[in-house]
*Asks:* 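My questions will all concern the structure given below.
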Amino acid sequence: MLSFFALVRKSKGNPDALPSRVNEITGKLPDFHIVHQTPNVCVLMTDPEEKGTFVYRLSGGTGLILGTLFHKDEALTNHAPLAIDEKTTNAILDTRCQYIIEKYWGMYAAIVGKEDGTEQFILRDPTGVLPVYIYETPDLYLFFSDGEHFRSLHLGPLSLDPHSAILGLQLPLLHLPGTCLREIDKVMPGELFAISRDKTERFMLWKPRDFFVKDGNYTTEKAAAELRTTVLKCTHAWASHFDKICVRASGGLDSSIILSCTALAPHRPEVIAVTHYTEGNVDSDEREFARAAAQHANAHLIEVRDSADDIDMKDLHDFAFLPEFYKDRFMIGRARYQKRLADEHGIDAFFGGEPGDTIFYTRPSYTAIDYLYHKGLNGGFFKACYEEALISKRPIGAILLEAAASTIRTPSWCLSKKFEGYTGLFAEDLLHETSIDAALAPWEQCQEGSTISKKEQLAFTFIWLPYAKPSRRCDYVRMVEPLMSQPILEAVCRIPSYLFAYNGEDRGLARLAFLDIGHPTNMLRKSKGGPEDFYKSVWSQNVDFIREAMLDGLLVKHGLLDRKKVENAFSLALDQSLGVWGEVFNLVGNEFWARRWLKT
């Protein structure tokens, strides 16, 4: 992962603080070198070992953009120049970086400042894949992307913010403001952090509501063509940076789409696929479908047998975490096999199908209301009600009444209601002191003006970003989720939600759009197996280690978890506690996160 530090001197700060801190960084972390420097700003980074990561320099020494940039033109695949001309630089400065959002897309962090030093801007791209954290001292703002490199500086003790932490545990996959640590803040996806002589300001430059379209002429054919073209172009843009790509092929719809799109990239990279299976577990064995997808894409398939014997939970002691909680029960096995595959096969990048469930809108709801909003009451409305009934398994009469009522009073939808009453293993007194609504308010404001079904789709697309919080990666191999591309997100905003329920099928629009690209069987299947049985085995073989870690751990000591609830979870037999063991399993990584970050 791209690792950088950006130091910005405060106007009233000690002038010697900046060079002193730079010397400290290069002394403790000799792999870092200066890539941009002015009297008030210094940016340092390591030489990126992963392909497709660059430094884009603005003219006049006014700043740089770190990461990967493509032009947001009709082609979407054109690479941005490494040297940004004076005209473009002036446009970026004059619009306070809005020009970057409107004219480029990719994965990046921009560090840009006016020549007279009066203002400095830090922009994080709308996908949020590249983290940007903030640590403040009396003299400096220190921005960074890699938690382990920051920890290596030993800048001072860090303390847990219990309210942010309980939200991080309760809503672990959501992009929430701040981090779990009092001393570390973060720039949100699509947010601009502006520093002037006497103050700081924050602006959301990229907002989903800016792309909403009320369009009664949006047809199924138009929507399918837009979705297909945008996904193909974005996938091809990412693929253009790599010669050998490994696609994680689960055998399901989303990964099959990405596998086929990658194989069609104009420069024809070598594409291989990897799928996982557990010996003797027929229900979760997806090899038949993964083989069909790989053969259709003319890709070599690697079949990895998952065994609990290959998983050592003690590896968590050595994991490198970002400064915010992370939930991924698969991270231990994934880190091992990806590094091994990359070494053995010379892989430049791993591609995946996340977040297809939300991009393509799995289990859409309120789509009949969405139809009324866009097209009004006509013959197609009853078809929309029927399609929603097929997907939701609700009576069509109830859907008709619900839609009719929406013409009198607009129904409300709030993401926090999805989590009401859920206490899990958490300390309930702390939960009651914490406001989910306040934490989610910035994102809900960005969706104002959308229909209830679009709000639901966007909430879980733009907030639910587990892949943006890596625990540990093969630093020299790029991890890419092509569906998490800005042009695709904007297309999802534009396309009316009811169209995603095409033909009354889960992800129906995606099935239509890619039917002739992906393998027909995989494009039409409605369900697939999962790795739950495998992780039950991992749990069974490591339960003593997990019990000791959780009962005597920092999450309990800091009052985030209720010890009695945790004890009860371990007292249940495995087949009696399918939900409970999974929750404990997910919390184990966060226990070791706490041990690593709160170490004195």
Side-chain angles (χ1 to χ4, degrees), residues 1-2 47-56 65-84 103-108 125 127 129-130 225-249 254-274 290 293-302 338 341-354 356 359 467 473-488 491 513-514 516-519:
M1 183 176 70
L2 189 159
D47 287 324
E49 295 180 322
E50 59 182 21
K51 286 189 175 183
T53 301
F54 305 98
V55 177
Y56 304 85
I65 302 172
L66 306 176
T68 309
L69 274 185
F70 304 99
H71 283 288
K72 203 163 71 164
D73 51 18
E74 185 176 351
L76 295 180
T77 57
N78 294 321
H79 299 183
L82 297 182
I84 298 175
K103 300 298 183 180
Y104 298 98
W105 70 276
M107 183 279 296
Y108 61 84
D125 87 77
T127 69
V129 174
L130 179 63
E226 181 174 357
L227 189 64
R228 171 195 175 105
T229 300
T230 310
V231 170
L232 271 169
K233 288 180 177 179
C234 289
T235 304
H236 293 172
W238 287 115
S240 67
H241 283 299
F242 312 108
D243 299 316
K244 194 167 188 177
I245 300 169
C246 181
V247 180
R248 301 190 305 272
D254 310 326
S255 64
S256 295
I257 289 172
I258 293 302
L259 177 57
S260 295
C261 290
T262 304
L264 293 172
H267 78 296
R268 290 296 189 266
E270 183 179 352
V271 180
I272 63 176
V274 60
Q295 184 178 13
H296 186 79
N298 196 28
H300 171 62
L301 178 67
I302 299 172
Q338 286 184 341
L341 286 180
D343 291 340
E344 291 178 0
H345 299 276
I347 294 167
D348 297 325
F350 285 96
F351 281 22
E354 297 284 353
I359 288 289
Y467 30 83
R473 297 190 175 202
C474 310
D475 289 337
Y476 55 92
V477 181
R478 189 72 173 270
M479 310 293 177
V480 179
E481 303 292 349
L483 293 177
M484 200 60 205
S485 297
Q486 184 181 338
I488 297 176
F514 297 98
D516 64 334
I517 291 180
H519 188 279

*Asks:* Closest approach of V274 and C246, non-hydrogen atoms and distance?
*Replies:*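 Between these two residues, the closest heavy atoms are CG1-SG, 3.6 Å.
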*Asks:* How far does CG of L2 sit from CZ of R478, to the nearest 0.5 angstrom?
*Replies:*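 If I round to the nearest 0.5 Å, the distance is 8.0 Å.
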*Asks:* Take atom CG in D73; do more than 12 heavy atoms of anything else shown fall under 6.0 Å from it?
*Replies:*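 More than 12 within 6.0 Å, yes.
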*Asks:* Suppose we screen for salt bridge (charged side-chain N to carboxylate O under 4.0 Å, His left out). Which residues come up paired with D125, at least two apart in sequence or across chains?
*Replies:*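 Result, salt bridge (charged side-chain N to carboxylate O under 4.0 Å, His left out) vs D125: none returned.
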*Asks:* Under the criterion side-chain contact (heavy atoms from CB on, under 4.5 Å), I'd like the reasoning laid out for I302 against L341: C-alpha separation, chi angles, the key distance, then a yes or no.
*Replies:* CA-CA 9 Å; I302 299 172; L341 286 180; 4.0 Å; yes
*Asks:* Would F351 and S255 count as a side-chain contact (heavy atoms from CB on, under 4.5 Å) here? Give the steps.
*Replies:* CA-CA 9 Å; F351 281 22; S255 64; over 6 Å; no
*Asks:* Under the criterion side-chain contact (heavy atoms from CB on, under 4.5 Å), I'd like the reasoning laid out for V55 against I65: C-alpha separation, chi angles, the key distance, then a yes or no.
*Replies:* CA-CA 6 Å; V55 177; I65 302 172; over 6 Å; no
*Asks:* Taking C-beta and beyond as the side chain, do S485 and F70 meet within less than 4.5 Å on heavy atoms?
*Replies:*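 S485 does not reach F70 side chain to side chain.
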*Asks:* Do we see a donor-acceptor contact under 3.5 Å between the side chains of H79 and S240?
*Replies:*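 Looking only at side-chain atoms, S240 and H79 do form a donor-acceptor pair, the distance falling under 3.5 Å.
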*Asks:* Indicate yes or no: at least one non-hydrogen side-chain atom of V231 is less than 4.5 angstrom from one of L483.
*Replies:*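 When only atoms from C-beta onward are counted, L483 and V231 do touch, with a gap below 4.5 Å.
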*Asks:* What closest approach, in Å, do G518 and S260 show between heavy atoms, and which atom pair accounts for it?
*Replies:*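 Taking every non-hydrogen atom into account, CA-OG, 3.4 Å.
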*Asks:* Quick one: ring-ring contact (aromatic ring centres under 6.0 Å, His included) partners of H236, sequence neighbours excluded?
*Replies:*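 Not a single residue meets the ring-ring contact (aromatic ring centres under 6.0 Å, His included) criterion with H236.
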*Asks:* Is the shortest distance from a Lys or Arg side-chain nitrogen in D243 or K51 to a carboxylate oxygen in the other one below 4.0 Å?
*Replies:*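 Salt bridge: yes.
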*Asks:* Once ring-ring contact (aromatic ring centres under 6.0 Å, His included) is applied, do any residues pair with F54, and if so which ones, sequence neighbours excluded?
*Replies:*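 By the ring-ring contact (aromatic ring centres under 6.0 Å, His included) rule, F54 matches H241.
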*Asks:* What's the separation between atom CG in L76 and atom CH2 in W105, rounded to the nearest 0.5 Å?
*Replies:*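 One gets 6.5 Å once the value is rounded to the nearest 0.5 Å.
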*Asks:* Walk me through it: do I245 and I347 pass the test side-chain contact (heavy atoms from CB on, under 4.5 Å)?
*Replies:* CA-CA 6 Å; I245 300 169; I347 294 167; over 6 Å; no
*Asks:* Please round to the nearest 0.5 Å and tell me the distance separating atom CG of L130 and atom OG1 of T53.
*Replies:*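 Between atom CG of L130 and atom OG1 of T53 there are 9.0 Å.
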*Asks:* To the nearest 0.5 angstrom, please state how far the OH atom of Y104 sits from the CG atom of N78.
*Replies:*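 CG of N78 is found 11.0 Å from OH of Y104.
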*Asks:* Are the side chains of P482 and C234 in contact, using a 4.5 Å heavy-atom criterion?
*Replies:*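 No; the side chains remain at least 4.5 Å from each other.
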*Asks:* Taking atom NZ of K103 as the centre, does the number of heavy atoms from other residues, nucleotides or ligands within less than 6.0 Å exceed 12?
*Replies:*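 Count not over threshold, so no.
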*Asks:* For E74, look at atom CD and say whether over 12 heavy atoms of other residues, nucleotides or ligands are found less than 6.0 Å away.
*Replies:*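 No, because the 6.0 Å sphere around CD of E74 holds 12 heavy atoms or fewer from other groups.
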*Asks:* With sequence neighbours excluded, what pairs up with D516 under the salt bridge (charged side-chain N to carboxylate O under 4.0 Å, His left out) test?
*Replies:*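 R228.
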*Asks:* For F242 versus G52, what's the shortest heavy-atom pair and its separation?
*Replies:*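 So the minimum-distance heavy-atom pair works out to CE2-N, 4.4 Å.
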*Asks:* Is there a side-chain contact between E481 and R248 in this structure, where contact means two heavy atoms from C-beta onward sitting under 4.5 Å apart?
*Replies:*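 Of all side-chain heavy-atom pairs linking R248 with E481, at least one is under 4.5 Å.
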*Asks:* List in chain and number order the residues that pass ring-ring contact (aromatic ring centres under 6.0 Å, His included) with H345, two or more places apart in sequence or in another chain; answer none if no residue qualifies.
*Replies:*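 Not a single residue meets the ring-ring contact (aromatic ring centres under 6.0 Å, His included) criterion with H345.
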*Asks:* If you round to the nearest 0.5 Å, how far is CG of L259 from CD1 of I272?
*Replies:*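 Between I272 CD1 and L259 CG, I get 11.0 Å after rounding to 0.5 Å.
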*Asks:* So, does Y56 use its side chain to make a donor-acceptor pair with the main chain of P81 at under 3.5 Å?
*Replies:*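 Side chain of Y56 to backbone of P81, a donor-acceptor pair under 3.5 Å: no, none is there.
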*Asks:* Taking the side chain as C-beta and beyond, is there a heavy-atom pair between H519 and S256 under 4.5 Å?
*Replies:*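 They are not in side-chain contact.
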*Asks:* Mind checking salt bridge (charged side-chain N to carboxylate O under 4.0 Å, His left out) for K72 and listing every partner two or more places apart, or none if nothing turns up?
*Replies:*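 In terms of salt bridge (charged side-chain N to carboxylate O under 4.0 Å, His left out), with neighbours along the sequence ignored, K72 is linked to E490.
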*Asks:* Indicate yes or no: at least one non-hydrogen side-chain atom of W238 is less than 4.5 angstrom from one of M107.
*Replies:*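 W238 vs M107: side chains touch.
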*Asks:* Using atom types as modelled and distance alone, determine if a side-chain donor or acceptor of T230 lies under 3.5 Å from a backbone N or O of L227.
*Replies:*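 No, the answer is negative, given that no donor and acceptor are paired below the 3.5 Å cut-off.
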*Asks:* To check you understand the geometry: which heavy-atom pair defines the closest contact between A294 and L301, and what is its length?
*Replies:*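 That closest heavy-atom pairing would be CB-CB, 3.9 Å.
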*Asks:* First locate atom CD1 of I488, then atom OG1 of T229, and finally report the distance between them rounded to the nearest 0.5 Å.
*Replies:*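 Between I488 CD1 and T229 OG1, I get 11.0 Å after rounding to 0.5 Å.
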*Asks:* If I compare all heavy atoms of A249 with all of A273, which pair ends up nearest, and what's the gap?
*Replies:*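 Smallest heavy-atom distance, with atoms named: CB-CB, 4.0 Å.
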*Asks:* For the residue pair V271 and A263, what are the closest heavy atoms and their distance?
*Replies:*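 Answer, listing the atom of V271 first, then A263: CG2-CA, 4.1 Å.
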